[in-house]
Amino acid sequence: MSDAESKSLNFLEEIVEGDLQSGKHGGRVLTRFPPEPNGYLHIGHAKSICLNFGLGLKYGGGTNLRFDDTNPTKEEQEYVDSIEADVHWLGFEWKARYFASDYFQKLYDFAEYLITQGKAYVCDLTDEQTREYRGNFHTPGKPSPFRDRSVAENLDLFHRMKAGEFADGTRVLRAKIDVNAGNMNLRDPLMYRIRHAHHHRTGDAWCIYPMYDFAHPVSDAIEGITHSICTLEFEDHKPLYDWFLEQDVEAKFFQKPLPRQYEFARLNVTTTMMSKRRLLLLVEEGHVTGWDDPRMPTLSGLRRRGVTPEAVRAFAERVGVARRDATVDMGLLDLSIREDLEARCDRRMAVIRPLKVTVTNLAEGEIHWIELPNHPDAGRGTRKVPFGRELYVDREDFMEVPAKKWFRLAPGAEVRLRGACYLRCEKVVKDASGEVVELRCTWDPATLGGEAPDGRKVKGTLHWVSATHAVRAEVRLYDRLFTVDDPMDVPEGGDWRGTLNPASLDVVQAALEPSLGEAKAGERFQFERTGYFAVDADSKPGALVFNRTVGLKDSWAKVEAKA
RNA sequence: UGGGGAGUAGCCAAGUGGUAAGGCAGCAGGUUUUGAUCCUGCGUAUCGAGGGUUCGAAUCCUUCCUCCCCAACCA
């Protein structure tokens, strides 16, 4: 990173630094990450987490994890657990963990206060009528016939709502603001609705639940949040956020200065989607194996694929923070992953699609154990790899009619087998259907180790595995989940599911060098010339399973594409 | 036809009146027993468009255009 880049602050950092300088919050910085526990965290949330926790860390403050659990019909403990695990995995520690439901009593007390101030009223309109009265962008709203109930009546009704006297949907508590406001959020928004539902934390203690717009600012204020950061779509909720907090005119509920909301653009990434609802559909309809399917943009999916938290954080850093809608190329995530894995992974040889090679001038049973470095950087140790008469190379590394600039195996061509020797293809064996099933080759014993004493050069170096020593493993080759940049951009009447990539998963039986036989779930390797792979949770000794985390950059593919 | 945002190279993104950072992608080389990594070089971006203010504008004013969000008893 250059100096110029490291010095430029994003607009939120500028705001925080400005507040720090003016002493607005007495030098305090407290942010919060407020997920609703109704789904798994995805890469878009990662941006928000890195932003919120990053600000807390950078300015010596902290960040609260607060579950926004105000809707009992959608939220579950399972999601609470996964979210906590994901935040920890990403590498962040919250200063405190709260639930909006921790504040149900305080919220209720404040609502009661607003009623006594004539700022809130109980409304008996049905949801349909409420919508009608609210009007739309072009027509002003009409005041609810219940708008002018007396404080005493409102108080009584509100108490009885809480006591469970009324059925779901029969009454709501509304803020009395402005039924004609251009900002629809201000047309007497709902504060409470009746829901005789079991809440994952408060059980059956409540049958009225606060709405987000009421609960969120109040929760922020209770916790003493200084900067409440959310995404752009909440921008026109800000007047409401401020309105609620400003109604505490006697300062009986909150301490000043009040928290302030700031918005940034949410993250979009090509060839995937962040909609929790649609992600859920992918799971439910079986397009993926679960929330942690390695093709999912969820943190649990990325983790299972073998992505490290460091890579995700680096990605979030690169993506930046601004207020304009943006869609980042998935390639940027790939790059961040490769960059991280390049340094940390030991190298191994694995043949993804085995093609048999017989070294005809090598005696049966003659084995050379070759010592190979674990990493280009010295000091990372070595391991031994057996070289014998029967080998496998990747089918992709052989071309019967070589293309221009093809450096790999072809009839008569000589290549290097990584760490072993020079090898020349003498004969191609095909089966009845014409498919190439074996290459008969000769090696040059003088090149043992991989270099020719006579100085002759070879352009291609191939990975290989001894067939007699190979460890078999299932390898899951993952690719983009969708075939188009924006899966939602489908023609009229089309279904986004139609853009799902039918080849997003390719399962193959690979042949690995024997040292990989001991690989444990979670371990990561670079399979030389192929990509980065992680041992899947499904993996067992004797039945190994590897996930392709990301492929290596492939400049041959580019040459080929241009031809 | 209401309210709120945003428009800087293919994708992100700095810049806040003094004459356009950086990253990614792309292109061209070099090193290389991974066509990986690494290294070097390469961009005149009508700063959405027009008009204006100014010695000077991506930055100020003005008109216009385009895109995004808002009419859940969701968050």
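In the text below, chain A, chain B and the rest are named by the order of the sequence lines, each starting its count at 1.
- A/His237 comes within 4.0 angstrom of a nucleotide base, judged by non-hydrogen atoms across all strands.
- Among the atoms of the strands shown, base atoms are found under 4.0 Å from some heavy atom of A/Arg418.
- The aromatic rings of A/His368 and A/Trp443 lie tilted to each other, with the angle between the two planes from 30° to 60°.
- Atom P of nucleotide B/C74 and atom CZ of A/Phe234 are separated by 14 Å, given to the nearest angstrom.
- Atom CG in A/Asp329 sits about 15 Å away from atom C1' in B/A13, given to the nearest Å.
- With a glycosidic angle no further than 90° from 0, B/A72 counts as syn.
- Note that A/Lys162 lies in the cation-pi zone of A/Tyr108, set by a 6.0 Å cut-off to the ring centre and a 45° limit from the axis.
- The pair A/Glu223-A/Arg32 fails the salt-bridge criterion, with no side-chain N (NZ, NE, NH1 or NH2) lying under 4.0 Å from an Asp/Glu carboxylate O.
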Task: Contact pattern, 5' to 3', of nucleotides 25-30 of chain B - B, S or - by protein heavy atom under 4.0 Å - done: SSS---
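- Between A/Asp19 and A/Val16 there is no side-chain heavy-atom pair separated by less than 4.5 Å.
- B/A6 atom P lies 15 Å from atom CD of A/Glu233, rounded to whole Å.
- Note on A/Glu451: a base of the nucleic acid sits closer than 4.0 angstrom, heavy atoms only.
- Residue A/Arg266 places no side-chain N or O under 4.0 Å from the OP1 or OP2 atom of B/G5.
- A/Arg201 forms a cation-pi arrangement with A/Phe99, by the criterion of a distance under 6.0 Å to the ring centre and an angle within 45° of the ring axis.
- When the side-chain nitrogen and oxygen atoms of A/Arg187 are compared with OP1 and OP2 of B/G2, none of them lie within a distance under 4.0 Å.
- For A/Asn183 and B/G4, a side-chain-to-base donor-acceptor distance below 3.5 Å is absent, hydrogens and geometry of angles not being considered.
- The cationic atom of A/Arg171 (NZ for Lys, CZ for Arg) lies less than 6.0 Å from the six-membered ring centre of A/Phe166 and within 45° of the ring axis.
- Between A/Thr270 and B/C11, a side-chain N or O to OP1/OP2 separation shorter than 4.0 Å is absent.
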